Amino acid sequence: ESSDPAARRAGEHCARVMQELQSTPVFVATSQSLTARVAVFDEDWPRAEEYGRISRVGMAGVPAYRFIGASAFITALLRQGRHAEAAASAREDLAILDGLNGPVCTEIMLRVAAAEALFADGHETTARAVLQRALTAIDVRAAKMNDAAIAQVFREGREENRRAGELARA
């Protein structure tokens, strides 16, 4: 999630090496999800869509990791103006998330991408509810941090948390 292109290239290289060292379906899908995230930060929407779609399917049995690719996929569709497709994918992945018990490490990432897609497709009420759940998850996690400065970095330094705040203020 670095703003440094060289760091993103290094991350992609690590993903490729990981895949070469152990070319199992889980390792392949994991490396594809990382490539999808890098493509989002590079604003390479066709590549983010391609790798997000592949990793979303490849990680179907591991929902927490599926949501990394899913959020990239949803964002890519949205940025390409395909709002209805993005919203449909968001609904599908939210249904999976909502069927899980307990917190999921990637739920904020997914909920923020989903809320943005739902807003773009004209589903204001549903989007606000999804966004509120993301904001609540951010607040719960930040409240557990003993250092206010670290909590502030968590709120503003993580892309999805920063974006949640922007959407809430819009």
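Worth saying up front: this structure is predicted, and the values here are computed from it rather than measured.
- Residues meeting the side-chain contact (heavy atoms from CB on, under 4.5 Å) test with Leu131, sequence neighbours left out: Ala115, Phe119, Arg128, Leu135, Ala164, Leu167, Ala168.
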- Task: Would you check, one step at a time, whether the test side chain to side chain contact (heavy atoms under 4.5 Å, CB included) holds for Leu100 with Glu107?
- Result: CA-CA 11 Å; Leu100 301 175; Glu107 73 176 292; over 6 Å; no
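- For Phe67 against Ile96, the heavy-atom pair with the smallest separation is CZ-CG2, 3.9 Å.
- Between the CZ atom of Arg133 and the CD1 atom of Ile138 there is a distance of 13.5 Å, given to the nearest 0.5 Å.
- The main-chain N or O of Ser71 is found under 3.5 Å from a side-chain atom of Thr75 such that the two form a donor-acceptor pair.
- Residues Arg47 and Val38 are in side-chain contact: their nearest non-hydrogen atoms beyond the backbone lie under 4.5 Å apart.
- Contact record, Asn161 with Phe154: ND2-O, 2.9 Å, taken as the closest heavy-atom pair.
- Listed here is the closest heavy atom pair of Ala36 and Gly52: CB-N, 3.5 Å.
- Counting only distance, with no hydrogens or angles, the side chain of Arg169 and the backbone of Gly165 share a donor-acceptor pair below 3.5 Å.
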- Task: Apply the test side chain to side chain contact (heavy atoms under 4.5 Å, CB included) to residues Val140 and Lys144: give CA-CA distance (whole Å), side-chain angles for both, the deciding distance (0.1 Å), then the verdict.
- Result: CA-CA 7 Å; Val140 166; Lys144 293 179 181 180; 4.1 Å; yes
- Task: Evaluate the criterion salt bridge (charged side-chain N to carboxylate O under 4.0 Å, His left out) for residue pair Asp121 and Arg82; output intermediate values, then yes/no.
- Result: CA-CA 9 Å; Asp121 200 41; Arg82 292 157 54 196; over 6 Å; no
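- The CG atom of Leu94 lies 9.0 Å from the OG atom of Ser89; values are rounded to the nearest 0.5 Å.
- Between Glu116 and Arg79 there is a salt bridge, since a side-chain N of the basic residue sits under 4.0 Å from a carboxylate O of the acidic one.
- Note on Ile74 and Val112: separate hydrophobic clusters, where clusters join Ile, Leu, Val, Met, Phe, Trp and Tyr whose side-chain heavy atoms are under 4.5 Å apart, directly or indirectly.
- Criterion: ILVMFWY side-chain heavy atoms under 4.5 Å apart, direct or through other members. Under it, Leu77 and Val57 are not part of a common hydrophobic cluster.
- Of all heavy-atom pairs between Val130 and Leu118, the closest is CG2-CD1, 4.0 Å.
- Of all non-hydrogen atoms in Arg37 and Ala72, the two that sit nearest each other are N-CB, 4.4 Å.
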- Please step through salt bridge (charged side-chain N to carboxylate O under 4.0 Å, His left out) for the pair Glu85 and Arg91, ending with a clear verdict. CA-CA 10 Å; Glu85 284 179 77; Arg91 281 189 204 87; over 6 Å; no
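- For the pair Trp45 and Val40, the minimum side-chain heavy-atom distance is below 4.5 Å.
- Under the 4.5 Å side-chain heavy-atom criterion for Ile, Leu, Val, Met, Phe, Trp and Tyr, Ile68 and Met59 are members of the same hydrophobic cluster.
- Remark: Arg56 engages Glu92 in a salt bridge, criterion side-chain N to carboxylate O under 4.0 Å.
- Remark: Asp147 engages Ala149, Ile150 in a side-chain contact (heavy atoms from CB on, under 4.5 Å) (not counting sequence neighbours).
- A 4.5 Å side-chain heavy-atom check between Arg155 and Arg141 finds every atom pair outside the cut-off.
- Looking at heavy atoms from C-beta onward, Met109 lies out of side-chain contact with Glu159 at the 4.5 angstrom threshold.
- Met145 and Ala151 make their closest contact through SD-CA, 3.6 Å (heavy atoms, listed as atom of the first residue, atom of the second, distance).
- Scored by the salt bridge (Lys or Arg N to Asp or Glu O under 4.0 Å) test, Glu166 finds Arg162, Arg163 as partners (sequence neighbours excluded).
- Atoms OH and OG, from Tyr65 and Ser33 in turn, are 9.5 Å apart once rounded to the nearest 0.5 Å.
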